[in-house]
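Written out below as structure tokens is the structure these notes cover.
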Amino acid sequence: MVKIQNQKMIKNTSAIINDLMSKSHYKPLKTLFFCKDFLNSLPPAKQRLIARVYVKNDILNIITSHPAGFQELNHDNSKIYIKILIKKYAQVYPLSGFSNIKDIRVMMQKYTFNVKNKENIKKSPYIELSLGCFKNTFENGILSNKFEELRQIIKNA
């Protein structure tokens with residue numbers, strides 16, 4: 001009698017990711033991967049304008065990083081072009097869910113910069129104080145006396 005051993009198949013990372021994406025718990029991960037892949041199918045000029053892409057309630061939401069990008073992508077010709085790309089992408093990847101998309105919404109990102117804490121940035125309103133150690137090179141007696149008075153005021157402060 002010959003014993004047949006069960007050999008475990010070693011999966012590569014893409015097979016593991018596909019297995020995880022097939023589970024209902026990881027559905028947001030699946031849509032995120034397809035959205036990222038769809039973003040890569042756009043031309044590089046339009047990719048630079050887009051900050052994020054996501055699908056919610058059968059609407060493709062495109063968030064731009066600049067107001068000029070919002071104007072360009074919200075134009076009718078751009079929306080028609082994106083809708084054509086969605087149809088082609090849905091034909092190539094039928095499991096992506098892009099065939100269910102009914103509308104495109106283009107929005108602008110509210111904040112484009114990081115707000116720094118005011119507590120961390122402390123600027124002193126005054127320049128560094130002097131110790132009053134400097135030379136008096138005035139030859140005029142009146143100016144020399146005023147300069148010495150100024151030195152005394154600085155040292156006493």
Side-chain angles (χ1 to χ4, degrees), residues 1-134 150 153-157:
M1 236 180 175
V2 177
K3 282 189 174 181
I4 300 174
Q5 295 178 355
N6 276 342
Q7 293 181 354
K8 292 185 179 180
M9 298 294 292
I10 298 176
K11 296 181 180 180
N12 58 8
T13 56
S14 62
I16 293 170
I17 290 173
N18 287 334
D19 286 344
L20 287 175
M21 285 179 14
S22 65
K23 299 184 190 257
S24 63
H25 180 70
Y26 292 105
K27 186 178 179 186
L29 180 67
K30 178 181 176 181
T31 57
L32 181 73
F33 281 138
F34 282 122
C35 287
K36 187 176 180 182
D37 191 41
F38 175 74
L39 182 62
N40 289 335
S41 67
L42 289 171
K46 293 196 192 280
Q47 284 180 19
R48 281 186 234 115
L49 301 173
I50 298 173
R52 263 180 255 128
V53 175
Y54 64 94
V55 177
K56 186 174 184 181
N57 298 334
D58 295 334
I59 298 173
L60 180 70
N61 296 298
I62 299 173
I63 299 175
T64 62
S65 56
H66 195 270
F70 170 76
Q71 288 180 341
E72 184 174 336
L73 291 173
N74 206 22
H75 195 267
D76 288 338
N77 291 339
S78 295
K79 281 191 170 183
I80 291 169
Y81 176 71
I82 292 172
K83 285 181 182 181
I84 291 169
L85 273 179
I86 288 172
K87 287 179 184 176
K88 288 183 180 179
Y89 189 81
Q91 288 174 351
V92 174
Y93 300 106
L95 298 176
S96 66
F98 272 69
S99 58
N100 300 334
I101 292 177
K102 295 177 179 71
D103 195 19
I104 298 171
R105 186 181 297 158
V106 180
M107 297 175 278
M108 191 179 69
Q109 191 174 13
K110 274 188 176 178
Y111 301 104
T112 57
F113 57 91
N114 293 334
V115 179
K116 295 181 181 177
N117 293 338
K118 291 184 179 180
E119 298 171 3
N120 294 341
I121 302 172
K122 292 183 180 179
K123 280 191 171 180
S124 62
Y126 306 106
I127 300 174
E128 185 178 323
L129 296 177
S130 175
L131 300 175
C133 300
F134 41 81
L150 183 64
I153 292 170
I154 292 172
K155 283 186 177 181
N156 292 337

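Given the structure is predicted, the values throughout are model-derived calculations rather than measurements. Heavy atoms only: backbone and side chains are in, while hydrogens, waters and symmetry mates are out.
Remark: side-chain polar atoms of Y89 are paired, donor with acceptor, to backbone N or O of F34 under 3.5 angstrom. Of the possible polar contacts, none joining the Q109 side chain to the I63 backbone as a donor-acceptor pair under 3.5 Å is found. Judged purely by atom type and a 3.5 angstrom limit, T64 uses its side chain to pair as donor or acceptor with the backbone of M107.
Counting heavy atoms from C-beta outward, H66 and L49 have side chains that stay 4.5 Å or more apart. Between F98 and C35 there is a side-chain heavy-atom pair separated by less than 4.5 Å. I82 places a side-chain heavy atom less than 4.5 Å from the side chain of L60. In this structure, V106 and K79 have side chains that are in contact, with non-hydrogen atoms separated by less than 4.5 Å. Between K46 and S78, the closest side-chain pair of non-hydrogen atoms falls below 4.5 Å.
For the atom pair K56 NZ and T31 OG1, the distance stands at 12.0 Å (nearest 0.5 Å). From K23, atom NZ reaches atom NZ of K30 across 13.5 Å, with rounding to the nearest 0.5 Å. To the nearest 0.5 Å, atom OH of residue Y54 and atom CD1 of residue I59 are 9.5 Å apart. The distance from the CD1 atom of I80 to the NE2 atom of H75 is 9.5 Å, given to the nearest 0.5 Å. The distance from atom CZ of F38 to atom NZ of K88, rounded to the nearest 0.5 Å, is 11.5 Å. Rounded to the nearest 0.5 angstrom, L85 CG and L39 CG are separated by 11.0 Å.
Nearest approach of A90 to S96, heavy atoms of both residues: CA-OG, 4.5 Å. Annotation for Q47 and S41: closest pair NE2-N, 4.4 Å, computed over non-hydrogen atoms. Between I101 and D103, the closest heavy-atom pair is CG2-O, 3.5 Å.
Counting heavy atoms of neighbouring residues, nucleotides and ligands inside a 6.0 Å radius, atom CG of N57 does not exceed 12 of them.
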| said: Using side-chain contact (heavy atoms from CB on, under 4.5 Å), reason through V55 and N100 one step at a time and then give a plain yes or no. | reply: CA-CA 10 Å; V55 177; N100 300 334; over 6 Å; no

